[in-house]
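First comes the structure, then the notes that go with it.
In the text below, chain A, chain B and the rest are named by the order of the sequence lines, each starting its count at 1.
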Amino acid sequence: MFEVDIFSYGFIQRALFSGLIIAITCTVIGLFLVLKRQSLFGDAISHMAFGGIAIGTFLNIYPVWTAMGFSIVTALAIAKMRQSTKLPSDSMVAIMLSLGLGVGVTLVSLSNGFSVDLFSFLFGSILLVSVQDLYPIIIVAIIVVSMIIVYYKKFLYIAFDEEQAKISGIDVEKLNYLFTILVAITIIVSMKLVGILLISSLIVIPNVTALLFNQGFKKTLLISLSLSTFSVFAGVILSYYYNLAPSGIIVLLSASGFILAYVLKTSILK
Amino acid sequence: MPLVSVQSVSYKYNSESVLENVSFDIEEGDFLGIIGPNGAGKTTLFHCMLGLLNSYSGRITILNQDIKKYKKIFKKIGYIPQKKSIDQKFPLTVEELVSLSLPRNTSKNIVLEILKQVRLFTMKDKIIGQLSGGQQQRVLIAKALVNNPIILILDEPTNELDPKSQNDFYSLLKELNEKNKITIIWSSHDMDAVNKYANKVSCINKRMFFHGDKGEFFSSEDNIKNYSESTMQIHMHSHDL
């Protein structure tokens with residue numbers, strides 16, 4: 001059914017390459033988010049990014065930069081506020097979601113509606129990734145993955161028990177800020193591929209699916225990486241053959257994996 | 001020179017007094033049981049000693065160093081919080097969890113040796129949530145031991161354990177105290193356990209009512225009566241609220 005030379009198309013090669021890099025980066029960062037019970041934090045940052053893109057479009061500045069600046073600054077400010085006020089995380093996430101959308105919608109209305117570019121940021125356009133688009137993706141992936149490799153034990157300790165991590169001499173506050181920045185830059189470079197509205201699925205669904213198998217950290221991460229890379233790979237191929245929105249099919253495959261794992265877990269493997 | 005010296009420590013939370021002028025010394029090798037009713041300030045006292053709370057008045061020294069200035073000392077303290085703080089669904093094997101505390105460039109064999117000592121070697125590949133309450137507490141002790149601590153602080157560690165697990169747990173603490181020369185400080189409501197295992201007792205209810213040898217505490221009917229009354233007062237006060 002599949003033509004062999006689909007892989008000889010440049011746009012497919014770029015889509016698969018960038019998609020797999022993003023899948024790995026989002027999954028790695030996402031596992032810590034899920035374990036910290038901050039699954040919706042990715043959603044919040046992506047909505048802030050929408051506000052940032054709208055600012056860039058409005059001011060005629062390359063929107064990725066404004067999205068990055070706006071997301072990082074507001075995410076750090078909210079992390080600081082959460083720490084100092086001890087307000088619940090979900091409330092702060094709700095504020096971020098609303099603020100990002102509020103800024104975005106207001107500026108979009110000022111610039112007479114949605115442009116094509118803004119639309120592609122919302123829903124992603126992985127098949128339209130250019131060679132230039134690959135550079136920031138590769139750079140961010142290298143930064144995020146190497147930071148996680150260096151600090152993985154500390155991030156894991158903080159996710160397991162922040163109080164004990166603090167006692168053991170880990171600078172929890174600084175590492176939390178670093179982690180927030182890593183989440184923000186991961187989402188910013190990923191949003192053009194899978195879209196602001198769907199990015200969170202790549203961060204959350206494979207990890208929650210992997211958690212169903214009740215394994216240790218390394219095995220959980222491995223299961224999660226397998227699921228996310230498979231969803232992206234199969235999603236890109238299927239979207240080409242059936243003319244479907246790739247980001248939508250990636251999410252559907254990922255969610256199907258979760259349902260399948262849930263059924264396996266509750267009926268066969270129990 | 002005492003190992004730990006708590007000097008006139010007071011702490012207020014939202015203008016309500018939690019600790020009032022608490023002073024006592026802990027000697028190296030002590031097995032100190034801290035008793036007091038719920039809300040007496042035991043956990044707050046531990047949090048001050050562990051550097052988690054810094055806005056107290058007074059002074060706490062460990063090895064004659066003020067803990068507010070000498071933060072590195074906390075690496076030499078193992079802390080076992082109340083059991084409720086363990087996330088049962090967290091994806092960590094026993095070995096992975098104990099390794100979290102392992103300093104960089106340290107052999108992994110240390111983790112395996114410690115797991116043998118706490119009698120959990122055969123469980124090293126199990127997920128933390130699959131263990132019983134007593135086994136989970138021993139895993140936390142193993143995690144603390146990786147850093148070769150001089151002090152272990154345990155906050156009501158046996159609250160949810162059955163009697164056999166409690167005995168196993170206290171036997172392990174006794175072994176660590178006697179063989180590894182680790183000073184043990186633990187809070188408890190279990191007067192029998194304190195009487196059986198501790199060598200010293202502190203009785204606290206915002207203020208320090210008693211600090212001294214176990215024998216002295218349990219031989220005095222006044223001490224027992226004071227402790228019981230303070231427990232009753234807190235109990236009645238909570239009903240008034």
Should A:E173 and A:K80 count as an ion pair when the cut-off is N to O under 4.0 Å?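 A:K80 and A:E173: salt-bridged.
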
Less than 4.0 angstrom from a charged side-chain N to a carboxylate O is my criterion; do B:K200 and B:E27 meet it? no

Say whether B:S165 and B:D162, considering side chains only, have a donor N or O and an acceptor N or O under 3.5 Å apart.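 A pair is found: one side chain offers a donor N or O, the other an acceptor, under 3.5 Å apart.
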
Side chains of B:D66 and B:T61: any donor to acceptor distance under 3.5 Å? no

Option in [options] with maximal non-hydrogen atom pairs under 4.5 Å from chain B:
options	result
A:L35, A:L221, A:L31	A:L35
A:K219, A:Q215, A:K166, A:K154	A:Q215
A:L211, A:T220, A:I167, A:I170	A:I167

Is it the side chain or the backbone of [X] that comes within 4.5 Å of chain A heavy atoms, both, or neither?
X	answer
B:L50	both
B:K143	side chain
B:L100	both

Whether B:F24 and B:H211 hold their rings parallel, tilted or perpendicular, with breakpoints at 30° and 60°: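 Correct class here is tilted.
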
Angle between ring planes, B:F46 versus B:Y79, binned at 30° and 60°: parallel, tilted or perpendicular? perpendicular

Intermediate values then yes/no, side chain to side chain donor-acceptor pair (under 3.5 Å), B:S101 and B:N147: CA-CA 7 Å; B:S101 301; B:N147 278 324; 4.5 Å; no

Among residues 89-97 of chain B, which ones touch chain A with a heavy-atom distance under 4.5 Å?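 Under the 4.5 Å heavy-atom cut-off, B:F90, B:P91, B:L92, B:T93, B:E96, B:L97 qualify.
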
Using modelled atom types and a 3.5 Å cut-off, is there a donor and acceptor pairing between side-chain atoms of A:K265 and backbone atoms of A:N214? no

Side chain to side chain, A:T266 and A:Y262, heavy atoms closer than 4.5 Å: yes

What part of A:A159 lies closer than 4.5 angstrom to a heavy atom of chain B: side chain, backbone, both or neither?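 Its backbone and side chain both get close to chain B.
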
